[in-house]
Amino acid sequence: MFRLWGKEYKDNRLVRDTVICDDTDDTRTHKVFHALDAVCYEFDLSKPIWLESAIEEFRRHSKVRFYQDSFVDSIDFDYLEIHVIEE
């Protein structure tokens with residue numbers, strides 16, 4: 001089972017979080033994108049842009065933080081973090 005934890009932080013405090021589970025036979029990349037879409041839908045956010053630094057961080061740690069520069073719209077929190085917690 002694939003599980004991705006989405007967390008929203010403001011002032012170094014966790015504001016809200018969710019866990020997205022995926023049992024499909026998709027590739028890991030597709031599962032990550034689908035889970036990120038689900039997190040953004042649940043938090044009512046626009047989808048962040050995967051900058052090169054974010055891609056490298058996610059490849060190394062299975063965790064990435066999306067700051068204001070990754071979003072087209074203005075955000076009212078410091079960053080969105082996604083973390084793969086189970087594969």
Side-chain angles (χ1 to χ4, degrees):
M1 172 183 287
F2 177 85
R3 294 190 315 156
L4 184 131
W5 189 10
K7 301 175 272 188
E8 196 175 280
Y9 285 90
K10 183 171 185 160
D11 299 326
N12 289 330
R13 295 177 193 263
L14 180 65
V15 177
R16 58 183 167 175
D17 67 331
T18 187
V19 174
I20 306 298
C21 301
D22 190 345
D23 285 334
T24 63
D25 291 331
D26 275 344
T27 63
R28 181 179 191 259
T29 303
H30 286 145
K31 289 180 181 182
V32 169
F33 287 134
H34 292 308
L36 180 58
D37 290 348
V39 168
C40 290
Y41 180 79
E42 189 171 324
F43 290 170
D44 193 27
L45 300 173
S46 62
K47 296 176 190 171
I49 299 167
W50 285 85
L51 301 173
E52 193 64 37
S53 59
I55 294 169
E56 289 303 316
E57 182 182 351
F58 191 76
R59 281 185 185 153
R60 273 190 240 124
H61 307 292
S62 294
K63 179 164 100 172
V64 66
R65 292 180 177 175
F66 295 104
Y67 294 93
Q68 175 63 61
D69 59 346
S70 295
F71 290 93
V72 175
D73 300 334
S74 179
I75 57 174
D76 61 345
F77 53 90
D78 294 335
Y79 59 88
L80 172 71
E81 180 178 285
I82 61 170
H83 183 194
V84 175
I85 54 177
E86 184 179 351
E87 291 192 58

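The two atoms that bring Leu36 and Pro48 nearest to each other are CD2-CG, 4.0 Å, heavy atoms only. Residue Ala35 comes nearest to Phe2 through the heavy atom pair CB-CE2, 4.3 Å, listed as atom of the first residue, atom of the second, then distance. Across all their heavy atoms, Lys31 and Asp26 have their closest contact at CE-O, 3.4 Å. When all heavy atoms of Cys40 and Lys47 are compared, the closest pair comes out as SG-CA, 4.1 Å. In this structure, Ile20 and Ala38 approach most closely via the heavy-atom pair CD1-CB, 3.8 Å.
Summarising the geometry, atom CD1 belonging to Ile82 is positioned 11.5 Å from atom NZ belonging to Lys63; distances are rounded to the nearest 0.5 Å. Rounded to the nearest 0.5 angstrom, Lys7 NZ and His83 NE2 are separated by 6.5 Å. With rounding to the nearest 0.5 angstrom, the CZ atom of Arg28 is 12.5 Å from the CG atom of Asp22. Note that CG of Asp78 is 5.5 Å distant from CG of Asp11, once rounded to the nearest 0.5 Å.
Between Ser53 and Arg65, the side chains place no donor N or O within less than 3.5 Å of an acceptor N or O (distance only, hydrogens not considered).
In this structure a side-chain-to-backbone donor-acceptor pair under 3.5 Å is present from Lys10 to Asp76. Of the possible donor and acceptor atoms, none in the side chain of Glu42 sits under 3.5 Å from a partner among the backbone N and O of Asp37.
The ring-ring contact (aromatic ring centres under 6.0 Å, His included) check on Tyr79 picks up Tyr9, Tyr67, with sequence neighbours excluded. In this structure Tyr41 satisfies the ring-ring contact (aromatic ring centres under 6.0 Å, His included) test with no other residue, sequence neighbours excluded.
Tracing side-chain contacts under 4.5 Å through hydrophobic residues (I, L, V, M, F, W, Y), one never reaches Leu51 starting from Leu45; they form parts of separate clusters. Note on Phe33 and Leu4: same hydrophobic cluster, where clusters join Ile, Leu, Val, Met, Phe, Trp and Tyr whose side-chain heavy atoms are under 4.5 Å apart, directly or indirectly. Residues Val39 and Ile85 are members of separate hydrophobic clusters, defined by side-chain heavy-atom contacts under 4.5 angstrom among Ile, Leu, Val, Met, Phe, Trp and Tyr. Each of Phe77 and Ile49 belongs to its own hydrophobic cluster when Ile, Leu, Val, Met, Phe, Trp and Tyr are linked at side-chain heavy-atom distances under 4.5 angstrom. When hydrophobic clusters are built by joining Ile, Leu, Val, Met, Phe, Trp and Tyr residues whose side-chain heavy atoms come closer than 4.5 Å, directly or via intermediates, Trp50 is grouped together with Ile75.
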(Q) The test is side chain to side chain contact (heavy atoms under 4.5 Å, CB included); show your working for Arg16 and Phe43 and say whether it passes. (A) CA-CA 8 Å; Arg16 58 183 167 175; Phe43 290 170; 3.7 Å; yes
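Within 6.0 Å of CG in Asp25 there are 12 or fewer heavy atoms belonging to other residues, nucleotides or ligands.
Taking the side chain as every heavy atom from C-beta outward, Phe71 and Leu80 approach each other to under 4.5 Å.
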